[in-house]
Engineer: 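Dumping the structure here so I can ask a few things about it.
Just so you know, these numbers use all the heavy atoms, side chains as well, and skip hydrogens, waters and symmetry mates.
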Amino acid sequence: KKYVSGVLAQILYVGAQIMCWTYIYQYAEAIGMDAVTAGYYQMAAFVIFTIGRAIGTYMLRFMSSGKLLMYFALLAVTFVLGTIFIQNIVGLYCLVGVSFCMSLMFPTIYAISLHGLGDDAKLGAAGLVMAILGGAIVPVFQAVFIDTYSVAFSYVVPAGCFIIVAAYAAFDLKTKVRVFNNVAPC
C-alpha cells in the first residue's frame, strides 16, 4: 500500500514540477513581464532548487524524511496559493519559491516508497523511475485550466498534487508511529 501510494505521489510530484517550471513563462507574461526577463526567473528557480536540495539534505540529519517531505509539500502548497491569489511580482516570487520545496521531493518519495520492500526493491525502483511519466500526463490538466480559466488559476492543479504528496508523507508518518507503538518495550 505504501509503495503504490508512493508511485502515485511520485507521478504527481513530477507532474507538479514540470507544471511549475514550464508555465513560469506564461505566468510572468500574464503579469506583464517580457519573455527574456521571465527566463531569468526560470533560472532563479533552478538555482533555488539546488540550494533547497543542499538545505533539505542537511535538515534530514535532524528530522525524519516523512516529516520533512510533509513540511516541504505544505510549504509548496502555501507558495502555490500565493501564486494563485497574488497575481503580481510577489506571486511570481512565490512560484519561484516552490522550487525550494520541490528540491527534496523526488529522492525522499523514492526512499520512503522503497523502504521495507526487501528483495522487491529493484522492481519497485523501476516503477518509481517510470513515475516520471507524470511529467507528460499531469501538465495536460493544467493546460486545460489555462485555456479555460487563467494562468494563475491553473496552479490549482500543482497545488492539488502537492496536497497529495503531503498526505502521502503524513501516511508514512502515521504508519511509522503505528509500527513503533506495536513494538514490545525492552
Engineer: Does S5 use its side chain to pair, donor to acceptor, with the backbone of Y168 at less than 3.5 Å?
Structural biologist: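 No: the side chain of S5 does not pair with the backbone of Y168.
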Engineer: Any side-chain heavy atom of M102 within less than 4.5 Å of one from F72?
Structural biologist: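 Sidechains of F72 and M102: no contact.
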Engineer: Kindly indicate whether the side chain of Y155, heavy atoms from C-beta on, has any atom under 4.5 Å from the side chain of L95.
Structural biologist: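 Touching, per the 4.5 Å side-chain cut-off.
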Engineer: Are the side chains of L92 and I89 in contact, using a 4.5 Å heavy-atom criterion?
Structural biologist: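 Side chain of I89 against side chain of L92, heavy atoms only: contact under 4.5 Å found.
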Engineer: Side chains of Y27 and S154: any donor to acceptor distance under 3.5 Å?
Structural biologist: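 S154 vs Y27: no donor-acceptor pair found between side chains.
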Engineer: So how far is it from I31 CD1 to N88 CG, rounded to the nearest 0.5 Å?
Structural biologist: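 It comes to 6.5 Å.
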Engineer: Is it the case that over 12 heavy atoms from other parts of the model lie below 6.0 angstrom from the CG atom of D34?
Structural biologist: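 Enclosed: over 12 neighbouring heavy atoms sit under 6.0 Å from CG of D34.
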Engineer: With side chain to side chain contact (heavy atoms under 4.5 Å, CB included) as the criterion, how do T108 and L68 come out once you've worked through the C-alpha distance, each side chain's angles and the decisive distance to 0.1 Å?
Structural biologist: CA-CA 9 Å; T108 307; L68 190 60; over 6 Å; no
Engineer: Please report the interatomic distance CG(D172) to CG(L69), rounded to the nearest 0.5 Å.
Structural biologist: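 These two atoms lie 8.0 Å from each other.
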Engineer: Does the plane of the ring in Y149 sit parallel, tilted or perpendicular to the ring in F145? Use 30° and 60° as the thresholds.
Structural biologist: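 Aromatic pair Y149/F145 classed tilted.
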Engineer: Say whether, by atom type as modelled, one donor and one acceptor occur between the side chain of Y23 and the main chain of I18 under 3.5 angstrom.
Structural biologist: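 Checked: no pair found.
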Engineer: Should F153 and V140 be counted in the same cluster of Ile, Leu, Val, Met, Phe, Trp and Tyr side chains packed under 4.5 Å apart?
Structural biologist: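 No, F153 does not connect to V140 through the hydrophobic network.
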Engineer: According to the interplanar angle, ranging from 0 to 90°, do the rings of Y93 and Y41 count as parallel (below 30°), tilted (30 to 60°) or perpendicular (above 60°)?
Structural biologist: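 Tilted: the ring planes of Y93 and Y41 meet at 30° to 60°.
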Engineer: To the nearest 0.5 Å, what is the distance between CD1 (I137) and CD1 (I11)?
Structural biologist: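 One finds 7.0 Å between CD1 of I137 and CD1 of I11.
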Engineer: Could you walk me through whether V144 and D147 pass side chain to side chain contact (heavy atoms under 4.5 Å, CB included), step by step?
Structural biologist: CA-CA 5 Å; V144 170; D147 291 342; 5.9 Å; no
Engineer: State whether a side-chain donor-acceptor pair under 3.5 Å links Q17 with Y13.
Structural biologist: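 A donor-acceptor contact under 3.5 Å links the two side chains.
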Engineer: Measure the spacing between CD1 of I112 and CG of L128 and express it to the nearest 0.5 Å.
Structural biologist: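 These two atoms lie 11.0 Å from each other.
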Engineer: Do the non-hydrogen side-chain atoms of S113 and K2 ever get within less than 4.5 Å of each other?
Structural biologist: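 Of all side-chain heavy-atom pairs linking K2 with S113, none is under 4.5 Å.
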Engineer: Mind listing the closest non-hydrogen atom pair of V165 and M105 along with its distance?
Structural biologist: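 Distance-wise, the nearest heavy atoms are CG1-SD, 4.2 Å.
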Engineer: Which atoms form the tightest heavy-atom contact between G127 and Y3, and what is the distance?
Structural biologist: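 That would be CA-OH, 3.4 Å.
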Engineer: Got Y71 and C101 here, is their nearest side-chain heavy-atom distance under 4.5 Å?
Structural biologist: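 No; the side chains remain at least 4.5 Å from each other.
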Engineer: Would you find more than 12 non-hydrogen atoms of other residues, nucleotides or ligands less than 6.0 Å from F62 atom CZ?
Structural biologist: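 Atom CZ in F62 is crowded, with more than 12 foreign heavy atoms closer than 6.0 Å.
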Engineer: Between S150 and I146 (side chain of the first, backbone of the second, donor and acceptor by atom type, cut-off under 3.5 Å), is there such a pair?
Structural biologist: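 Between the backbone of I146 and the side chain of S150 there is no qualifying donor-acceptor contact (under 3.5 Å).
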Engineer: Over all heavy atoms of both residues, which pair between L74 and A166 is shortest? Give the atoms and the distance, please.
Structural biologist: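 The pair with the smallest heavy-atom distance is CD2-CB, 3.8 Å.
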Engineer: Taking everything shown except M43 itself, do over 12 heavy atoms lie less than 6.0 Å from its CE?
Structural biologist: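 12 or below, so no.
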Engineer: According to a 4.5 Å side-chain heavy-atom criterion applied to Ile, Leu, Val, Met, Phe, Trp and Tyr, with indirect links allowed, do Y40 and V96 form part of one hydrophobic cluster?
Structural biologist: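 Each belongs to a different hydrophobic cluster.
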Engineer: According to the interplanar angle, ranging from 0 to 90°, do the rings of Y110 and F106 count as parallel (below 30°), tilted (30 to 60°) or perpendicular (above 60°)?
Structural biologist: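 Ring orientation of Y110 relative to F106: parallel.
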Engineer: Step by step, would you call C161 with V138 a side chain to side chain contact (heavy atoms under 4.5 Å, CB included)?
Structural biologist: CA-CA 9 Å; C161 293; V138 183; 3.9 Å; yes
Engineer: About how many Å separate CG of L104 and OH of Y58, when rounded to the nearest 0.5 Å?
Structural biologist: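 So the OH of Y58 and the CG of L104 are separated by 15.0 Å.
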Engineer: Search all heavy atoms of A16 against all heavy atoms of P158 and return the closest pair with its distance.
Structural biologist: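 Of all heavy-atom pairs spanning A16 and P158, the closest is CB-CB, 4.1 Å.
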Engineer: Evaluate side chain to side chain contact (heavy atoms under 4.5 Å, CB included) for Y25 paired with M33, printing each intermediate quantity in order.
Structural biologist: CA-CA 9 Å; Y25 289 98; M33 194 172 288; over 6 Å; no
Engineer: Do side-chain atoms of S103 reach the backbone of R53 as a donor and acceptor pair under 3.5 angstrom?
Structural biologist: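 Answer holds: yes.
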Engineer: Which distance, rounded to the nearest 0.5 Å, do you find between the CD of E29 and the OG1 of T37?
Structural biologist: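 Atom-to-atom, E29:CD and T37:OG1 are 10.5 Å apart.
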Engineer: In terms of hydrophobic clustering (I, L, V, M, F, W, Y; side-chain heavy atoms under 4.5 Å; direct or indirect links), are V90 and V77 co-clustered?
Structural biologist: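 Same cluster: V90 reaches V77 through Ile, Leu, Val, Met, Phe, Trp or Tyr contacts under 4.5 Å.
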Engineer: Using a 4.5 Å cut-off on heavy atoms from C-beta on, say whether the side chain of L60 contacts that of S65.
Structural biologist: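 With C-beta onward as the side chain, the pair touches.
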Engineer: Between V151 and F85, is there a shared hydrophobic cluster once you connect ILVMFWY residues whose side-chain heavy atoms come closer than 4.5 Å?
Structural biologist: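 Yes.
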Engineer: Measure across M70 and L173 and return the closest heavy-atom pair with its distance rounded to 0.1 Å.
Structural biologist: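 Of all heavy-atom pairs spanning M70 and L173, the closest is CE-CD1, 4.0 Å.
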Engineer: For residues C20 and V98, report the shortest heavy-atom separation together with the two atoms involved.
Structural biologist: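 Heavy atoms of C20 and V98 come nearest at SG-CG1, 3.8 Å.
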